[in-house]
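Okay, structure first, notes after.
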Amino acid sequence: MRGVAVWSEFLERAAQEAMVADLRDVVRAAPLFRPVTRWGKPMRVRMTSAGRFGWVSDRSGYRYEPRHPSGVAWPPIPASVLAVWEAVSGADRAPECCLVNFYDADAKMNLHQDRDEADFSQPVVSISLGDEALFRIGNAERGGSTESLWLRSGDVLVMGGPARLLHHGIDRVRAGSSTLLPDGGRINLTLRVVT
Ligand code: MD6
Ligand code: FE
């Protein structure tokens with residue numbers, strides 16, 4: 001869709017469970033936090049990161065930082081997650097950030113572009129785990145027509161080439177649609193080359 005490559009059910013259930021276990025280690029080292037926008041409004045999703053850099057947002061704006069807000073270094077990107085990048089990205093570089101977004105039943109993400117990275121020739125790879133979510137994809141410019149697609153647990157999406165700078169967001173999460181996470185909700189991982 002619009003140059004975005006969608007790998008439906010790329011991860012089978014056992015692989016999804018193993019990845020969630022790896023992410024529990026990440027969250028133990030670098031706890032989820034709720035970023036605020038530069039205008040001080042709390043975002044609806046909770047976030048953390050793994051890798052050399054993590055994405056943060058606060059009153060100073062959006063940026064990548066080498067440390068979690070607590071001051072600790074971000075934990076390494078789990079091998080299970082790196083393997084997905086290797087399989088689908090087609091990139092010649094390794095990812096430097098794995099952004100972890102956690103959505104509860106009411107969370108959403110407004111249409112945005114991922115453009116805090118230095119090299120837009122490198123793709124962004126996204127992995128969905130847990131409850132299904134309605135993903136909306138638009139255009140490189142603001143406005144215009146959009147298309148939507150439900151992302152399910154185990155789905156992987158690649159935004160590269162001409163699709164790299166398309167606007168996209170999550171309109172809603174379908175609570176209770178997956179049994180992967182015992183307390184429900186959705187995890188989205190996005191892997192990026194930052195520098
Ligand atoms: C999400 N995804 O699926 C939000 N960004 O929860 C993203 O913001 C995203 O899926 C860049 C590339 C792929 C994505
Ligand atoms: Fe994004």
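This is a predicted model, so every value here is computed, not measured. Atoms within a ligand are numbered from 1 in the order they appear, just like the ligands themselves.
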Under 3.5 Å between any N/O of Arg192 and any N/O of ligand 1: does that happen in this structure? no

Would Thr190 count as being in polar contact with ligand 1, using the rule that some N or O on each side must be under 3.5 angstrom apart? no

Return the option from Lys108, His168, Arg164, Arg186 holding the heavy atom at the smallest distance from atom 3 (O) of ligand 1. Arg186

Going by the closest heavy atom to atom 13 (C) of ligand 1, which one wins out of Met159, Met109, His112? Met159

In the protein, which heavy atom is nearest to atom 14 (C) of ligand 1, and how far is it? Ser126 CB, 3.6 Å

In this structure, atom 2 (N) of ligand 1 is nearest to the protein heavy atom Asn188 OD1, 3.6 Å

Taking side chain as C-beta onward, heavy atoms only, is Arg44 less than 4.5 Å from Asp106? yes

Side chains of Ile170 and Phe135 in contact at under 4.5 Å (non-hydrogen atoms): yes

Please name the atom of Asp114, restricted to N, O or S, that is closest to the Fe ion (ligand 2). OD1

In terms of atom number and element, which parts of ligand 1 are under 4.0 angstrom from non-hydrogen atoms of [X]?
{"X": "Tyr103", "value": "1 (C), 4 (C), 6 (O)"}
{"X": "Val124", "value": "11 (C), 12 (C)"}
{"X": "Asp114", "value": "5 (N), 11 (C)"}

Have Arg152 and Ser8 got a donor and an acceptor in their side chains that come within less than 3.5 Å? no

Could you tell me whether the side chains of Ser49 and Arg192 share a donor-acceptor contact shorter than 3.5 Å? no

Can we say Arg63 and Asp58 salt-bridge, meaning some charged N sits less than 4.0 Å from an Asp/Glu carboxylate O? yes

Around atom CD of Glu17, are there more than 12 heavy atoms of other residues, nucleotides or ligands at under 6.0 Å? yes

Evaluate whether atom CZ of Arg2 has more than 12 neighbouring non-hydrogen atoms of other residues, nucleotides or ligands under 6.0 angstrom away. yes

Metal-centred angle, NE2 of His168 through the Fe ion (ligand 2) to NE2 of His112, rounded to 10 degrees: 80°

Got a donor-acceptor contact below 3.5 angstrom from the Trp74 side chain to the Thr48 backbone? no

